[in-house]
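Read through the structure below, which is laid out as structure tokens, and then see the notes.
Within every chain, numbering begins at 1; the chains are lettered A, B, ... in the order of the sequence lines, protein sequences first and strands thereafter. Bear in mind the structure is a predicted one, so any value in this text is a computation, not a measurement.
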Amino acid sequence: MKRSDQLLPGPAHGSPWASFWPLLLLLLLWPIGSFLQNAALFDPYFARIICLVGLNITLAVSLQLINGISGQFSLGHAGFMAVGAYMAAYPAHAMLATDAKDAHLRLLTNPLAPLLFYLDIAVVGLCVVGICWLLFGVFRLLRRLGNWAMAVGLLVVAIWLLTDMAMGSGQDGAPPPYLVWSSLNYWLHALFDALLARGLPMTHQVAAMLPGAVADVLKGPVAYFLTCLVLLIGGGLCAAGAGLLIGIPVLRLRGDYLAIATLGFAEIIAVLINNSQPLGGALGLSDIPRFAGFGWIYGVAILTTIAVWRLTHSARGRAMLAVREDEVAASAIGIDPAHSRIMAFVVGAFFAGVAGALFAHFEGYITPRHFQFMRSIELVVMVTLAGAGSLSGTILAAIVLTVMPELLRSFSEWRMVIYSLLLIIMMLLRPEGLLGGRELIPRRWRGDADVSA
Amino acid sequence: MSDFLSELLQQIVNGLSLGAIYALIAVGYTMVYGVLRLINFAHGDVFMIGAVVAWYTGKLLVRTGHAPADSAMMQVMLVLALLLVPVLICSVLGFTIERFAYRPLRNRPRLASLITAIGVSMLLEYGMQTEVAAGGAKYSLFGPTPQGMPSILPWMENALQIGNVFIVPIDPIIMGLTIALMVGLSLIIKYTRMGMAIRAVSHRVDTAALMGINVNKVISQTFILGSALAAVGGVLWAIKYTKVEPLMGLMPGIKAFVAAVLGGIGNIYGAVLGGLLLGLVEVLVEGFVVGGSQYRDGVAFVILIAVLLIKPSGLLGGSTHEKV
């Protein structure tokens, strides 16, 4: 296999995580930053940049797992971010709508409400997966009958879906039961709303049954923290589900085809969100409680970095690297490439979803335009600038590429032109990235692990 | 019933005309992929530049009084000018892009070229959009606001009516020109040395080089051919839809790429077939599905995913076996 056939160069090396200095730096800065932000000592513009940097660190590190370490080329990372953002913003937004219009953040005191929402999504998701599995069985049956049967079958399904959508979209209220797809759509939306609304009275009932001390805890800062946590993790898990959905079909694709397939999936997600009324459509969701500040964002960034680092320097991570370098050889020694690839997608999508949820709760409003192709490209550029497999490089690249457009704001008209010129020059002069795939660790801390080339 | 039929015919005409333009752009994508195995993200923006140059040419012709013209010969000259000037400029542009952005990275991993392609695409889009305010006036290469194409040939605007179907003269012109160009291209590919060299390089680069083919020259020629076709597509789009703006290449570029994949990437006839099919399906979905205009852009991506999952080599592409 020629060197130029590989998409990405460079191995990932590094010593045990204790000497991974960017992590230590972040860990040190985190309490300081949280304190300073709460004390409102930062100029708001500066604070905003720092928070965006933190978000981009999480996103870039999760993309590095998919692109750099498992060797796939995903151009659809913004899609995962969008799923996480909308799945976390929707319950938060709906919770606010049903409660009284008080100070926003005090209303996030029902950890059980979003929890029930996500559990119900999981149940619905499993049902949908079951239906898809049945359909896939039919698909395989048709395939065995020959390509023509399959083509005709798909055509029939496509025509049925289109007429169903066409006839059902003119209705207000429940569509007639013979329109299967439209009914499914309608009842799914009704289900989401009902589930969320049900969660709230139920928590009050549960709280009423608890002894006084526990009920107080459930209403205080612990509940607030738990609610935010549930929202973030729920968003992340929904995005992980999307990662699974996307990761499985693209297993058989390589290189450019994989890139275009992930791009296509991200665009489909964007189109679906655009046309979905409960999710706000093209206008998006606003009035999202803004609980995500420096503390949450950098806490998640630290956790993501730790998780990805630990995954990379574990047996599964080494399996991913092996699959990246030579898939046939890896499967010859017993590594399942499908397993590695899917795991990379799911974990990467999870953290992207959490970052998306944080973004939604940081901005306060989200529209599909926040998650377009350009966003995916910015993240891919960060990962490329970092070099494949280099986590310290990714953090540096995320910082540089978030701060640079802001610095260029003084040339506001030429900003994007300079950005694209810098991109081209960077690829021409140093395509292997800033650090060339190596980690930025002082030599004496490197330990017994392989010293990088 | 005849109402539905005439509606259907109308949409078919629209769809084929749109599809022909997609085919012109898709051929460029597929040829470049064939020789370089690179998805040239900047190709949609070459299309846009073609339209912009056509707009400038049209404005110039109107301002110097040459258009609208009376005599038939003058009209022919106008049409030639409108077509040839963008073709010339876009060919040079395509050659320049390949020479300075892609050639240095030819021995590097493909990811680098892909990202450079994205960078070039962004450069072209934002370069056209940027406005500089100096001395009270705004200067730009084009500016962010969409402009209307000046009316060069007034008879273009009269629609012919056949039954209930309205055919604007530009539609048969688009289809005729596309057919002619495709025939010309396949003649070049089949019967000229340049075409043979392109086929050889698409097949195996190293062996072609061993046979004495100047690979650099062949790749440049491929880019020039592809960019010229994209420029023609740009001119036709500008005349048909009259709206010219710096971001107009984004969607048609992606859709033309989907068309190329649909037909089998690397296969020129596949690109044409894919372009026509995609244009047809898109227009039919928009016309006949309630609320279809919202899903119009999604259709291309659904087709893309379906093709990649079911038959990644496309309709006319051969199956690719991985040799261990």
Side-chain angles (χ1 to χ4, degrees), chain A residues 3-9 67 73 147 150-151 154 158 162-163 165-170 249-250 252-261 263-268 270-272 274-275 328 373-374 377 380-381 384 388 413-417 419-428 431-432, chain B residues 33 37-39 41 100-101 104-127 129-133 140 206 250 254 257-258 261 265 285 288-292 294-306 308-312 322 324:
Chain A
R3 192 78 181 149
S4 57
D5 278 342
Q6 291 168 281
L7 273 188
L8 298 156
N67 278 15
F73 185 29
N147 273 335
M150 195 167 63
L154 277 172
L162 285 176
T163 42
M165 278 196 322
M167 284 165 63
S169 58
V250 301
R252 31 192 307 229
L253 302 174
R254 297 287 174 270
D256 300 329
Y257 286 135
L258 177 55
I260 298 302
L263 167 62
F265 273 118
E267 284 296 317
I268 289 181
V271 166
L272 284 176
N274 236 330
N275 290 323
V328 176
F373 180 55
M374 194 43 67
I377 294 297
V380 169
V381 169
T384 313
E413 305 99 20
W414 298 102
R415 193 166 65 103
M416 291 313 290
V417 176
Y419 183 81
S420 40
L421 272 173
L422 283 173
L423 178 60
I424 298 176
I425 292 174
M426 171 187 91
M427 292 316 297
L428 286 175
E432 64 269 4
Chain B
Y33 189 86
R37 303 284 183 268
L38 164 75
I39 300 173
F41 274 104
F100 292 109
L105 295 174
R106 211 174 284 161
N107 291 325
R108 301 287 201 162
R110 274 211 306 281
L111 179 62
S113 310
L114 254 165
I115 299 202
T116 312
I118 295 175
V120 171
S121 164
M122 281 168 60
L123 183 64
L124 286 173
E125 284 164 17
Y126 290 111
Q129 270 187 324
T130 320
E131 281 184 323
V132 184
S140 68
D206 36 11
L250 214 57
I254 295 183
F257 176 72
V258 174
V261 172
I265 195 142
V285 163
F288 290 108
V289 174
V290 175
Q294 289 171 315
Y295 291 107
R296 181 180 174 156
D297 290 338
V299 167
F301 291 110
V302 170
I303 292 182
L304 174 71
I305 301 294
L308 285 179
L309 292 182
I310 299 174
K311 193 168 193 287
E322 199 172 304
V324 177

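The CD1 atom of B:Ile254 sits 6.0 Å away from the CD atom of A:Glu267 when rounded to the nearest 0.5 Å. How far CG of A:Leu428 is from CZ of B:Phe100: 11.0 Å, rounded to the nearest 0.5 Å. We find the CG-CZ distance between A:Leu263 and B:Phe41 to be 6.0 Å, quoted to the nearest 0.5 Å.
When all heavy atoms of B:Gly119 and A:Ser420 are compared, the pair lying nearest together is O-CB, 3.5 Å. Across all non-hydrogen atoms, the minimal contact from B:Ile115 to A:Val381 is CG2-CG2, 4.5 Å.
Looking at B:Ile305, the atoms closer than 4.5 Å to chain A (heavy atoms on both sides) all sit in the side chain, from C-beta outward. At a 4.5 Å heavy-atom cutoff, the contact between A:Met374 and chain B is made by side-chain atoms alone. Looking at B:Leu123, the atoms closer than 4.5 Å to chain A (heavy atoms on both sides) sit in the backbone and in the side chain alike. Using a 4.5 Å cut-off between heavy atoms, A:Ile260 contacts chain B through both its backbone and its side chain. Contact of B:Val302 with chain A is made through backbone and side chain together, with heavy-atom distances under 4.5 Å. Both the backbone and the side chain of A:Phe265 come within contact range of chain B, with heavy atoms under 4.5 Å apart.
When each of B:Thr116, B:Leu38, B:Leu250 is scored by its heavy-atom pairs under 4.5 Å with chain A, the top score falls to B:Thr116.
A 4.5 Å side-chain heavy-atom check between B:Leu114 and A:Phe73 finds at least one atom pair inside the cut-off. Side-chain contact between B:Arg108 and A:Met427 is absent, with no heavy atoms from C-beta onward closer than 4.5 Å.
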